[in-house]
Structures are given as structure tokens and as C-alpha cells.
Amino acid sequence: QVQLVESGGGLVQAGGSLRLSCLASGRTFSRDAMGWFRQAPGKEREFVASISWSGGVTYYADSVKARFTISRDNAKNTVYLQMNNLKPEDSAVYYCNTVISDFRTGGMPYWGKGTLVTVSS
């Protein structure tokens, strides 16, 4: 059974940092491009960042460029999202998934429970 389990969220003040983790299980994801997405209350889920299977190519939404960094450890089947200089508008539930060839669309039809990030002003 394929599972994606996100963790690392929490409550942080504006300007603070958090590191999210996504542990994939059920099969190896070392050949999949992976991405982070987020969904704020009342809004659609949106793309945040993605990374190629090798880690050599990354993409970011304009709203998080220069503040967030995506990385991966294929040996651990884990993808990370380092979030710095957090802003209240970053508050959302964060999810991970594989991404298709456009590097911005989720590849699997099922999503994990996500991890909640709340940034206070």
C-alpha cells in the first residue's frame, strides 16, 4: 500500500522557519519527481515546489522562491521542504505527492493527511 506521510508542521511566528518531511512507503519513489503542495482554508490546493528524481532540478512557485528549498534523500524515501522567512500567507495544510512531467501537477490520485503550518503575524 502506497503511503505518503507528511510531518514537521506547527505554529511559528512570521519570519520563522520550519522543515517539513514527506516519508513515502509502499514502493520506492527514487525514480519519481516529487512535489509539495498546500491548501489554505477556502482555497484550492496549489503547487509549492518540486524536485526531479535525482534532485538536480527544482521548481518553485513565485510566492515561495528564495524562501523555500526542496530536497530529497532517496535512500530514505523522503522529501523535505525547508521553509524560511515564513509569512502569514504561507499558513496552510502542506501535502506531498509525485508530480507529472510539468513538475507542477500531482501525479497520484490519492493524498496524505498533510501537515498543518500556521504562521502568526
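We use all heavy atoms of the structure for the numbers below, so side chains are in, but hydrogens, waters and symmetry mates are not. Position 1 is the first residue of the sequence; numbering continues from there.
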d(L86 CG, S121 OG) to nearest 0.5 Å is 13.0 Å

On a heavy-atom basis, the closest approach of Y60 and A49 is CD2-CB, 3.6 Å

Item checked: Check: N74 side chain, F29 main-chain N or O, donor-acceptor pair, under 3.5 Å -> no

Closest heavy-atom pair, G107 versus I100, reported as atoms and distance to 0.1 Å, is CA-CG2, 3.7 Å

Any chance you could lay out the side-chain contact (heavy atoms from CB on, under 4.5 Å) test for S30 and W53, step after step, and finish with the verdict? CA-CA 6 Å; S30 61; W53 70 268; 5.9 Å; no

Residues at least two apart in sequence or cross-chain that pass side chain to side chain contact (heavy atoms under 4.5 Å, CB included) with R104, listed by chain then number, are F47, Y59, D102

Do V117 and L20 have side-chain heavy atoms sitting under 4.5 Å apart? yes

(message) With clusters defined by side-chain heavy atoms of hydrophobic residues (ILVMFWY) lying less than 4.5 Å apart, directly or transitively, does W36 cluster with Y110?
(response) yes

Here the gap from S21 atom OG to R19 atom CZ, rounded to the nearest 0.5 Å, amounts to 5.5 Å

Requested in this report: Look only at the side chain of N85 and the backbone of G16, and say whether a donor-acceptor pair between them is shorter than 3.5 Å.
Outcome: no

| field | Donor-acceptor pair, side chain of S50 and main chain of F103, under 3.5 angstrom | value | yes

Problem set entry | Heavy-atom side-chain proximity of F68 to Q82 below 4.5 angstrom | no

Side chain to side chain contact (heavy atoms under 4.5 Å, CB included) filter on L116, not counting sequence neighbours, yields V93, T118

Review point. Going by heavy atoms in the side chains, are V99 and T105 under 4.5 Å from each other?
Key: no

Salt bridge (charged side-chain N to carboxylate O under 4.0 Å, His left out) pairs touching residues 70-79, sequence neighbours excluded, are none

Rounding to 0.5 Å, atoms CE (M34) and SG (C96) come to a distance of 5.0 Å

In short, N97 meets M108 closest at the heavy-atom pair ND2-O, 3.0 Å

Here the pair of heavy atoms bringing I51 nearest to S71 is CD1-CA, 3.6 Å

Residues pairing under salt bridge (charged side-chain N to carboxylate O under 4.0 Å, His left out) where one sits in residues 26-41, two or more places apart or in two chains, turn out to be R27-D32, R38-E46, R38-D90

Open item on the list: In the structure I gave you, are the side-chain heavy atoms of L81 and T69 within less than 4.5 Å of one another anywhere?
Closed with: no

Heavy-atom nearest pair, I70 first then G35, reads CD1-CA, 4.4 Å

Across all chains, not counting sequence neighbours, the ring pair (Phe, Tyr, Trp, His ring centres under 6.0 Å) partners of Y94 are none

To the nearest 0.5 Å, atom CD of Q39 lies from atom CH2 of W111 at 9.0 Å

Between the CD atom in Q13 and the OG atom in S120, the distance rounded to the nearest 0.5 Å is 5.0 Å

When every non-hydrogen atom of A24 is compared with those of L4, the smallest separation belongs to CB-CD2, 3.6 Å

Hits for side chain to side chain contact (heavy atoms under 4.5 Å, CB included) against S25, two or more places apart or cross-chain, chain-then-number order -> Q3

